[in-house]
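This report concerns only the one structure given below.
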Amino acid sequence: MSVRSEPSTRAIGAIGSLLSGIAAVCGSFLVVGQSDRFVGAAIGETLLEWFPDQVFAIGIPLLGGLARPLLLASATVGTALALGVLAWTAMAIGDRTSRYRIASAGTTLGLQLGAIGLVAADLWSGLVGGALGAIVIWWFTRPVNGTNTGDQSDTNSAAGSAWSRRRDILGSGAVIAGAAAAGWLLNSSGQSTENSESPSARARATIDDPVIDELLTQAKQQSFELSDAEPLVSEGFYQVDINLTGDPTITTDEWSLKIAGAVDSPTELSYKELLDNPVEHRFITLRCVSDELNGRYMDTALWTGTPIAPILDDAGVGDRCCVRLAAEDGYYHAFPRAALESGFLAWGMNGDLLPRAHGAPVRVLIPGHWGEINVKWLTDIEIREEPATGYWEERGWHGSGPVETVAKLHHKSRDGDQVTIGGHAYAGTRGISTVEVSTDGGETWVDTELTDPLPGIDGVEQARDAWRMWKYEYERADEHEVVVRAREADGTLQAETESEAFPSGATGWVRGTMYGRQG
Ligand SMILES: Nc1nc2c(c(=O)[nH]1)N[C@H]1C(S)=C(S)[C@@H](COP(=O)(O)O)O[C@H]1N2
Ligand SMILES: [Mo]
């Protein structure tokens, strides 16, 4: 007697194949945990490859830090559904044969193993996933009306059938929960052993230098206190990178920087050797090219590291035109060598060792350029005779040049008629001289109050590549429009023409509505 003779075969088949798909995903998770060999993550990575603009230019500004977990979750759910469809197909194929259960379960195993194995490029991930998916199908293809219902067979075949299905569902649930729990346990213990050796665990490991404390204290004192704007040293530095399932973990012992390509003497520098170079602390602002005009993908930190130029000189890079940087996470970027010459190799951030999220153990910082060329987890510098393309350039962005000038309007508050507005202004190495505000829709403009420039190296010179804060206080009762614009050090006005962040960075003047006294 086949399952076909049951009244709700379709429903049972649907439930069974759905559970099979979920079990297969959990099986994959059981083996490889939350890594890039987990089938849900592999699909997520593929989606990211296919729709980078939707994810990075729309998703991240809209959803912030939730964008990537949501992408991973929906890719995982989608994968479970797709693997369920494969199991459903397998049941249909199996149905036409005499050895129904073996055929359906076997086909499920084959299809799911193949799909997971190919997508996640991992045999064991596929094998365990497919096996759990097949077990579920094995249960759901059990004939329940005949003599095969085992100890549950009774005179009332309908009741026996119902109980039997309930048992299948409970069994599948147990398989799913067991695999998920085991995967989670194995995964989290695996992570913690990794972390115990990683820079982030030794972490909060402070860099012992009183100069850092002085500089941070000074930045704090100089900051305007605006509740909706970061102080001069950001408390929550933004994070943008291509990694869906976790950032690279490289220990300082494992790490080295290779300088190769068109150089006189290819060099490999260990972490210890790098730290033997002269140490500097620099305030540097980073801004992502995908940052919206008034977005929050712009932040400042006090970075500890060493200038890169002497290191390049030692390797003998001559006057080659171009460089390509590569990182542990597979990210790469290419740009003119001249820009790299002014760069900085950072291993510290705000007095701590560089956090994992920001590129531990070492990242590069290129003054005045968009965030994307500030390669994190840097491992390779290739000096080239010819230009190359970068990860984002291959996906349509133009973010390897200098930043656009911007004045943001992040803070708006009112106390009766007393209005306070403020934010940050940044123009890369061109520097900011003034920020102007109009409260009449652009008719008339007034200068705002600016924070002193952050100190530069040696505590004298001002930081060349850091933002300033602006603030304007005035009296006004009604709702009105505010427009803000910055001037660079040489007086050049921030561009008024409006353009979207994609592909080469947002431009225009930030406008906002200041609410009136009655709300
Ligand atoms: N290795 C690596 N470096 C990277 C990226 C990345 O995905 N991988 N993203 C870049 C982008 S687009 C930006 S805006 C900055 C962000 O640096 P943050 O995360 O420290 O703010 O890092 C850049 N460096
Ligand atoms: Mo970016």
Side-chain angles (χ1 to χ4, degrees), residues 36 45 48-49 52-53 55-61 64-65 67-68 71 199-200 230 233-250 255 257 284-292 295-305 323-335 339-340 343-350 352-381 390-404 406 426 428 465 467 501-506:
D36 55 3
E45 297 280 1
L48 210 59
E49 285 275 313
D53 301 342
V55 176
F56 283 94
I58 305 168
I60 289 187
R68 289 186 296 176
L71 175 68
S200 64
E230 286 278 8
V233 167
S234 303
E235 279 157 3
F237 204 103
Y238 82 90
Q239 183 188 354
V240 171
D241 51 62
I242 59 170
N243 308 307
L244 196 59
T245 48
D247 294 324
T249 317
I250 329 165
W255 184 86
L257 177 62
I284 296 174
T285 300
L286 282 188
R287 186 184 180 201
C288 183
V289 66
S290 76
D291 185 36
E292 284 171 285
R296 290 184 181 259
Y297 277 7
M298 178 166 100
D299 280 298
T300 301
L302 178 64
W303 307 88
T304 297
V323 293
R324 182 183 186 274
L325 307 186
E328 185 72 15
D329 59 344
Y331 184 79
Y332 49 91
H333 216 299
F335 51 93
L340 185 66
F344 191 67
L345 289 171
W347 62 79
M349 186 179 184
N350 301 331
D352 293 327
L353 288 183
L354 192 64
R356 184 175 167 212
H358 297 290
V362 178
R363 80 176 301 167
V364 75
L365 295 166
I366 308 290
H369 286 64
W370 291 113
E372 60 171 56
I373 81 173
N374 296 262
V375 174
K376 308 193 270 187
W377 312 288
L378 178 70
T379 55
D380 289 273
I381 298 179
Y391 183 95
W392 286 117
E393 284 18 69
E394 288 166 11
R395 288 157 182 81
W397 289 88
H398 301 298
S400 49
V403 291
E404 294 285 349
V406 71
Y426 178 54
D465 183 30
W467 65 13
F502 184 83
S504 39

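In listed order, ligands and their atoms are each counted from 1.
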Verify, without hydrogens or angle tests, whether [X] (side chain) and [Y] (backbone) share a donor-acceptor contact under 3.5 angstrom.
| X | Y | value |
| --- | --- | --- |
| Trp397 | Gly505 | no |
| Tyr426 | Thr285 | yes |
| Trp303 | Gly348 | no |
| Asp465 | Gly368 | yes |
| Asp291 | Cys288 | no |
| Arg356 | Pro248 | yes |
| Thr379 | Ala326 | yes |
| Ser234 | Thr300 | yes |
| Asn350 | Leu302 | yes |

Counting from 1, what ligand 1 atoms have a heavy atom of [X] closer than 4.0 Å?
| X | result |
| --- | --- |
| Phe237 | 21 (O) |
| Gln239 | 19 (O), 21 (O) |
| Cys288 | 14 (S) |
| Val375 | 3 (N), 24 (N) |
| Ala327 | 1 (N) |
| Asn374 | 22 (O), 23 (C), 24 (N) |

For [atom], what is the closest protein heavy atom, and at what distance to 0.1 Å?
| atom | value |
| --- | --- |
| atom 3 (N) of ligand 1 | Lys376 N, 2.9 Å |
| atom 15 (C) of ligand 1 | Gly371 O, 3.5 Å |
| atom 9 (N) of ligand 1 | Val240 O, 3.2 Å |

Geometry only, no angles: is [X] polar-contacting ligand 1 at N/O separations under 3.5 Å?
| X | result |
| --- | --- |
| Trp377 | no |
| His358 | yes |
| Ile242 | yes |
| Asp241 | no |
| Trp392 | no |
| Ala357 | no |

Quiz item: What do we get for Tyr238 next to ligand 1 when only non-hydrogen atoms under 4.0 Å count, side chain, backbone, both or neither?
Solution: both

Exercise. Examine the proximity of ligand 1 to Tyr297 and report which part, side chain or backbone, both or neither, has a heavy atom under 4.0 Å away.
Key: neither

Quiz item: Is it the case that Tyr238 and Glu230 place a side-chain donor and acceptor less than 3.5 Å from each other?
Solution: no

Practice problem: May I ask which of Leu286, Asp329, Val364, Leu365 has a heavy atom nearer to atom 8 (N) of ligand 1 than the others do? | Solution: Asp329

Self-check item: Identified side chain to side chain contact (heavy atoms under 4.5 Å, CB included) partner of Ile366 from the options Asn374, Leu286, Val375, Ile284
Solution: Asn374

Exercise. Work out whether the distance between some heavy atom of Arg287 and some atom of ligand 1 is less than 4.0 Å.
Key: no

